[in-house]
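Okay, so here's the structure we're looking at.
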Amino acid sequence: MPPIRLFIFLLVLLFIGGCEKNLTADRIFINGDIHTIDTGNSVASALAVKNGRILAVGNQEELKALAGADTEVTDLAGKSLLPGFIAVHEHPAISAVFRNFIDMSGFQHETAADAWKALVSAVAAAPAGQWVYAKGLDPVLLEGLEPPTRAQLDVMAPHNPVFILAQSMHTAWVNSAALAAMDIDENSPPPGEGSYYGRDKDGRLNGLLVEKPALEPFLAPHKSPLKVLAAYEAELDDLRRAGYTCVASLGFNVPAWLAQWASLNDFSPRIRQFFYYRGDNLEKLSGTPERDDEYFQVRGAKFWYDGSPYSGSMVVEQPYLDSALAKQLGVAHGSHGEAVIAGEELQQQISALNGRGWQFATHVQGDRAAREYLDILQRAYRSLPLQEQKAFVDRRHRLEHGLLLDKTLLPGFARLGITPSFHINHLYYYGDALREALLGEARTEQILPIKSAFELGMHPTLHADSPMFPAEPFSLMQTAITRRTRTGVLIGEDEALTPVQALRTMTINAAWQLGMENEIGSLEVGKRADLAVVDRNPLATPPGQWRDIKVVRTILAGD
């Protein structure tokens, strides 16, 4: 007898024996394809929920015995039921901060002229002296868009400080009023390692800000917890509507008390949150991990080793191409990028956190960055006593983004228990630019080796890194399956995932990375009933049409 049928049979025996109250389901889903994402990727046609957990999975006939007078029966009417998606690397707090910025992105505007018009209108409407903040400036998505100089912004906004954040979130542009408001002048020291203020050919500040130490003082006024609460709740609601039941926030976070407040919506669960701290907040990881809260947990730390290919701060073995776009983005001729933290310092920090039982996730984009990071990890691992080396592997430490991660390094990472999360829509939105103007065809063909990570049992995941890209799960998965850019160019076909593998990246693999695979990530008896209802069967939908799949409803703990 198959395990599920045996389970149902035993349930029925108990039912007959007088345990009707205990075995009656709160809710039963019927008449749809239920993709369990279990070990065998089995598909069922009915699922029962009790007290927020999955009571049984099988077919409609088998689950009839679990229906009582008060059981709610949900007819899927041909729709599909999936595990709730897990947003394993997003930034809802940053999205909340930027929510009311002027949107200059290629997602919002068709042309560069339209984007600039939006900024000009905002400046005209602002009283003199009031800051004007904008986001999404992107020469890649908006053809012909030239990044502004300080002088151009001074003409555009002579009476208002202006701050414009790049879509990559690693670069910004400001005018003279903004620099003066932050007490930054020609004699100011560099803001931090791997970060700088841009200068023109005469050595004068040109309004360019590169990497987080340069950006953060300008964003600090927007991070007041009470100011951001409503926007933060709205971001969590957006994620829920997109099919997510969990979100991991890496690096920029609201205070824990605010996150715990926001995890409830009128006293009903809104979403599960997992935090990774960075910078000054690392001191909050002085103790050992606690896993008691069902809807909010701190998992560990977030580090940056390098930066972005769109600011030239991703660390690469061979220099960036010397193209017009590279010049537009401020990438210096012959640049290889620069690490944002010294290797010895990073090794000390990860060793200390690992010793206290915390997980860490490290931003690593470039091929040289990956090689150097592997060396740092190996030194940290070898420094441990033998009995602690296994614990290091079992922590499931993470590598984030992995754009130009050399797949020949993957076995070394796998031996250390490192699990990668890939920033897959680099390929969709920026693949053409990487191929033609920043990295060249040969290197771009090697980006994002997700299938190789799958084959090594590394439990790879996908993420959007929102607000950089929209947190749309089926967009991420379609790119991973088709490996095609917005213009249809095929990149790295040998690293394409199967549809089932793509679904696993957003569900059970993500749960595994968070150490939650026994609770969430698949539809199996005893697990939490975190579910997503979609309008069609993904496995019966051509991969090139996955972006058209709609999430109809997202259910947390059985609702």
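Salt bridge annotation for Arg483-Glu493: absent, with no cationic side-chain nitrogen under 4.0 angstrom from a carboxylate oxygen. A salt bridge links Glu441 with Arg435: at least one charged nitrogen is closer than 4.0 Å to a carboxylate oxygen.
Under the rule for a ring-ring contact (aromatic ring centres under 6.0 Å, His included), the partners of His397 that lie at least two apart in sequence or sit in another chain are Phe360, Phe392. Scored by the ring-ring contact (aromatic ring centres under 6.0 Å, His included) test, Tyr295 finds no partners at all (sequence neighbours excluded). Residues satisfying the salt bridge (charged side-chain N to carboxylate O under 4.0 Å, His left out) criterion with Arg291, sequence neighbours excluded, are absent altogether. For Lys212, there are no salt bridge (charged side-chain N to carboxylate O under 4.0 Å, His left out) partners, not counting sequence neighbours. Partners of Asp293 according to the salt bridge (charged side-chain N to carboxylate O under 4.0 Å, His left out) rule, which considers only residues two or more places apart in sequence or in another chain, do not exist here. Phe296 meets the ring-ring contact (aromatic ring centres under 6.0 Å, His included) test with Phe275; sequence neighbours excluded. Qualifying salt bridge (charged side-chain N to carboxylate O under 4.0 Å, His left out) partners for Arg398, counting only residues two or more places apart in sequence or in other chains: Glu400. For His463, the side-chain hydrogen bond (donor to acceptor under 3.5 Å, both in side chains) partners at least two apart in sequence or on another chain are His401, Ser421. Contacts of Asp559 classified as side chain to side chain contact (heavy atoms under 4.5 Å, CB included), with partners at least two apart in sequence or in another chain: Arg27, Arg240, Arg553, Ile555, Leu556. Every side-chain hydrogen bond (donor to acceptor under 3.5 Å, both in side chains) that Asp394 has, sequence neighbours left out, goes to Lys390.
The minimum heavy-atom distance linking Cys246 with Phe274 is given by the pair CB-CE1, 4.0 Å. Minimum interatomic distance between Ile86 and Gly521 (heavy atoms only, all atoms of both residues): CD1-CA, 4.3 Å. Considering every non-hydrogen atom in both Phe474 and Trp546, the closest pair reads CB-O, 3.1 Å. Asp280 and Glu283 make their closest contact through O-CG, 3.2 Å (heavy atoms, listed as atom of the first residue, atom of the second, distance). Across all non-hydrogen atoms, the minimal contact from Val331 to Pro309 is CG2-O, 4.5 Å.
Exactly one of Arg99, Arg270, Arg241 qualifies for a salt bridge (Lys or Arg N to Asp or Glu O under 4.0 Å) with Glu235. That residue is Arg99.
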- Is there a side chain to side chain contact (heavy atoms under 4.5 Å, CB included) between Ile491 and Leu448 once you walk through the steps? CA-CA 10 Å; Ile491 293 176; Leu448 301 161; over 6 Å; no
- Task: Assess whether side-chain hydrogen bond (donor to acceptor under 3.5 Å, both in side chains) is satisfied between Tyr276 and Gln359, documenting all intermediate values.
- Result: CA-CA 9 Å; Tyr276 291 75; Gln359 184 188 38; 2.6 Å; yes
Please list every donor-acceptor pair under 3.5 Å in which a side-chain atom of residues 451-459 meets a protein atom from a residue at least two apart or in another chain.
residue : atom : partner : partner atom : Å
Lys451  : NZ   : Gln501  : OE1          : 3.3
Ser452  : OG   : Glu495  : OE1          : 3.4
Ser452  : OG   : Glu495  : OE2          : 2.5

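Residue pairs meeting the ring pair (Phe, Tyr, Trp, His ring centres under 6.0 Å) criterion with at least one partner in residues 429-451, sequence neighbours excluded, are Phe107-Tyr429, Tyr310-Tyr430, Tyr429-Phe469, Tyr430-Phe469.
Judged by the 6.0 Å and 45° rule, Arg415 forms no cation-pi pair with Tyr381. In this structure, Lys135 fails the cation-pi test against Phe98, since its NZ or CZ atom is not both closer than 6.0 Å to the six-membered ring centre and inside 45 degrees of the ring normal.
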